[in-house]
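Worksheet for the structure shown next.
Atoms considered below: every heavy atom in the structure, side chains included; atoms not considered: hydrogens, waters and symmetry mates. Every chain is numbered from 1, with letters handed out A, B, ... down the list of sequences. Quick caveat, the model's predicted, so the values are computed rather than measured.
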2 protein chains.
Amino acid sequence: MNAQDLLKKYQLSVTDSRLSVLHIFMQSGGALSHSDIEGRLKGLHDRVTVYRTLQTFADKGIIHQIPTTDNAVLYALCKEDCAGGHHHDNHVHFLCTECEITTCLDDVMVPTVKLPRGFRQNDVKMVVTGVCKLCK
Amino acid sequence: MNAQDLLKKYQLSVTDSRLSVLHIFMQSGGALSHSDIEGRLKGLHDRVTVYRTLQTFADKGIIHQIPTTDNAVLYALCKEDCAGGHHHDNHVHFLCTECEITTCLDDVMVPTVKLPRGFRQNDVKMVVTGVCKLCK
DNA sequence: TTAAATTTGCAATATTGTTGCAAAATAATG
DNA sequence: CATTATTTTGCAACAATATTGCAAATTTAA
């Protein structure tokens with residue numbers, strides 16, 4: 001699906017900045033931080049606009065956040081079937097200590113864990129740190 | 001073990017700020033962010049000192065970081081057997097959406113996952129979101 | 001084509017984290 | 001216990017990251 005249709009699908013106004021950010025995600029394939037995106041926009045849009053765009057996309061379920069072991073917040077495109085409110089992004093994320101790139105391991109599902117009595121589970125996030133395929 | 005002995009065990013100077021921060025961790029029981037700690041210190045010590053204290057404790061293995069799905073970095077006391085350089089904090093962390101408190105589920109180990117060919121794993125973090133025992 | 005609604009960019013401000021350095025506190029020594 | 005050496009602290013300055021209000025510009029609806 002192209003960027004314009006994706007925006008319409010989620011009932012969002014089609015604007016330059018939203019298209020740019022979507023294109024950047026589509027081209028990169030991986031997970032990006034706010035500053036990654038800002039860098040690739042080369043000053044085309046304001047920092048604030050990027051923040052708001054990411055927020056909007058996350059609210060709509062177009063992108064999802066990835067927790068990292070350090071400080072940064074990363075975002076990645078949801079799979080097509082993420083639609084309908086709740087995400088299907090329960091795959092493992094991988095952070096390479098060599099190239100510092102975070103990858104979505106789409107084929108590695110997050111295993112279920114048995115919680116102590118009384119805990120109710122909604123969501124699980126899992127981040128593996130190590131050396132990725134390309135840096136090996 | 002009391003705070004003072006703990007500091008000596010790790011060959012750290014015993015200072016007011018370190019004792020205060022340790023006490024805060026011991027009383028809270030749960031995971032705390034930098035600003036949690038700063039808040040409870042009520043201006044007793046400088047922001048910078050808190051940063052440095054947390055850094056020192058993390059380096060020595062007295063506390064460990066917990067990745068969260070949002071922005072914040074949380075810290076929690078390591079178990080006694082964390083000593084000797086490498087941590088035994090490979091347990092699951094639980095974030096309650098009601099009380100917003102992060103707990104270490106010490107008895108729930110992070111399951112191992114099989115990574116795609118070529119990926120080498122060093123470390124795994126797992127955060128479960130849901131409703132905790134007390135908020136149920 | 002025009003009016004209504006939304007989005008953007010700017011400015012200001014808040015929050016979070018880092019660094020250098022002199023003063024203070026702690027540890028080591030006799 | 002007193003003195004010296006080492007470490008730690010607090011301040012100031014700074015950098016990076018994030019948020020808010022508001023007028024101008026853009027997009028959508030009519």
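Nearest-nucleotide positions on DNA chain C place A:Arg18 closer to the 5' end than the other of B:Tyr51 and A:Arg18. Nearest-nucleotide positions on DNA chain C for B:Arg52 and B:Lys8 put B:Arg52 closer to the 5' end. Taking for each of A:His34 and B:Asp46 the nucleotide of DNA chain D with the nearest heavy atom, the 5'-most of the two is the partner of B:Asp46.
Taking atom CD1 of A:Ile37 as the reference point, atom C1' of D:dA18 lies 14 Å away to the nearest angstrom. We find that CD of A:Glu38 is positioned 10 Å from P of D:dA18, with the value rounded to whole Å. Rounded to an integer number of Å, the gap from CD of A:Gln55 to P of D:dT17 is 18 Å.
In this structure, B:Thr49 reaches the D:dG10 phosphate: one of its side-chain N or O atoms is under 4.0 Å from OP1 or OP2. When the side-chain nitrogen and oxygen atoms of B:Thr15 are compared with OP1 and OP2 of D:dT7, none of them lie within a distance under 4.0 Å. Within the structure, every side-chain polar atom (N or O) of B:His45 is placed at least 4.0 Å from both OP1 and OP2 of D:dT9. Regarding contacts with the backbone of C:dG17, every side-chain N or O of B:Arg47 stays at 4.0 angstrom or more from both OP1 and OP2.
Considering only the side chain of A:Ser13, C:dT7 comes nearest among D:dT8, C:dT16, C:dT7.
Of the N and O atoms on the side chains of A:Ser33 and A:Asp36, at least one donor lies less than 3.5 Å from an acceptor on the other residue.
Counting non-hydrogen atoms under 4.0 angstrom, A:Ser35 reaches nothing in the nucleic acid. Using a 4.0 Å heavy-atom cutoff across all strands shown, A:Leu7 reaches no nucleic acid atom at all.
Residues B:Val131 and B:Cys96 share a closest heavy-atom pair of CA-SG, 4.0 Å.
Side-chain contact check for A:Leu74 versus A:Leu32: every heavy-atom pair is 4.5 Å or farther apart.
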